[in-house]
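Notes for the one structure printed next.
Model, not experiment: these values are computed from the prediction.
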Amino acid sequence: MTVVWNDQTWNRDSVWMRTNGGAALRAGPRIAAACAVTLAITIGAAWLPHTLMQSRDSRSEVAVFRGAPVEHLTNLNVVDALVGIELHERLGHVEWSNSVLSLELVVPSNAGRPERWFDDVERLIGLSYQQLDNVKRLLIRIVESDGKKKRLLAAVDVREGDAWLFSDMGELRNSDPVHDEIWRQRLRLSFTSVWMDRFGKPEGYSARSVRPGSSDIAK
C-alpha cells in the first residue's frame with residue numbers, strides 16, 4: 001500500500017536516491033554518468049520482481065521497524081499507523097488535527113467496485129475505533145483519480161459517540177452502505193453528482209431507518 005502524506009510518497013528508495021545520487025554528482029561528472037548507467041540497468045533488471053514482492057516486503061519492514069501496533073495517534077506516528085493496514089485502494093491526503101482523522105481514499109476513475117471501497121472504509125473505521133484510543137471523528141473522502149485530477153465521489157463521517165461502533169460494528173463488513181438506508185445514515189454517507197453520473201442514484205431497500213439523534217448515532 002502506498003501512503004501519501006501531503007502528496008509526498010513515503011519510501012526508503014526515494015530517500016536513498018536523494019542521498020546517494022547527490023554524493024555521486026559531487027564526486028564528478030564521470031562518476032555520476034557511470035552511476036546513472038549502472039542505476040538504469042539495475043532498475044531495468046529488478047523492476048518486475050520488485051513489483052511482485054513490494055507488498056510483502058513493505059509488510060515485513062513494518063513489522064521490523066514499527067514494532068507494536070500504534071494505539072495513540074500523533075502527528076509523528078500517523079503514517080506508521082496507516083501503513084499497517086491492507087487496503088484494496090491507496091490513500092491520498094492524510095490529516096490529523098484536534099482528534100479528527102481525515103483521509104482520502106483514491107480509486108480509479110474507470111475501474112473498481114464500490115463494495116471493495118467500502119471494505120476499505122470498514123477497515124479504516126476499525127483502525128480508528130478498535131485500535132486507536134484518541135480518534136473522536138473520522139472523515140473519509142472517496143475520490144476518483146485519472147492521474148491528473150481528482151473528483152469527489154462520496155464522503156463518510158463517523159464519530160466516537162456513535163453507539164453502533166460498539167454494538168453493531170461486526171455487521172458493517174457484510175452490509176451494503178450504498179443501498180442500505182440504515183448504514184447510509186450510520187456512516188453519514190453522502191454522494192456527489194459525480195457518483196450519480198457514474199453509478200446512478202442510490203436507492204434504499206431497508207425496511208426500517210435510523211435517524212440522526214437516535215440511540216446509535218451521535219449528534
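With salt bridges taken as basic N to acidic carboxylate O contacts below 4.0 Å, one links Arg188 and Asp162. A salt bridge links Asp119 with Arg123: the distance from a Lys NZ or Arg NE/NH1/NH2 to an Asp or Glu carboxylate oxygen falls below 4.0 Å.
Side chains of Leu105 and Leu91 form a contact here, defined as non-hydrogen atoms less than 4.5 Å apart. Val83 is listed as a side-chain neighbour of Val79, based on a closest heavy-atom distance under 4.5 Å. In this structure, the side chains of Ile85 and Leu124 come closer than 4.5 Å at one or more pairs of heavy atoms. Under the 4.5 Å side-chain criterion, counting only non-hydrogen atoms from C-beta, Leu127 is in contact with Leu82. The shortest distance between side-chain heavy atoms of Arg184 and Phe191 falls below 4.5 Å. Using a 4.5 Å cut-off on side-chain heavy atoms (C-beta onward), Trp117 and Leu153 make contact.
Using a distance-only test at 3.5 Å, with no hydrogens or angles considered, a donor-acceptor pair links the side chain of Asp120 to the main chain of His88. The main-chain N or O of Pro108 is never found under 3.5 Å from a side-chain atom of Asp146 such that the two would form a donor-acceptor pair. A donor-acceptor pair under 3.5 Å is absent between the side-chain atoms of Ser128 and the main chain of Val135, judged by distance alone.
The hydrophobic clustering, which links ILVMFWY residues whose side-chain heavy atoms are closer than 4.5 Å, places Phe166 and Met169 together. Tracing side-chain contacts under 4.5 Å through hydrophobic residues (I, L, V, M, F, W, Y), one reaches Ile142 starting from Phe199; they form part of the same cluster.
Judged by the 6.0 Å distance and 45° axis criteria, Arg186 is positioned over the aromatic ring of Trp183.
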Point to revise | Steps toward salt bridge (Lys or Arg N to Asp or Glu O under 4.0 Å) verdict (Asp157, Arg137) | key: CA-CA 7 Å; Asp157 180 353; Arg137 190 174 186 183; 2.6 Å; yes

Point to revise | Verdict with reasoning, Val178 to Phe118, per side-chain contact (heavy atoms from CB on, under 4.5 Å) | key: CA-CA 9 Å; Val178 175; Phe118 282 96; 3.6 Å; yes

Check your understanding: Can you list the steps and then say if Val156 with Leu138 is a side-chain contact (heavy atoms from CB on, under 4.5 Å)?
Key -> CA-CA 8 Å; Val156 170; Leu138 173 65; over 6 Å; no

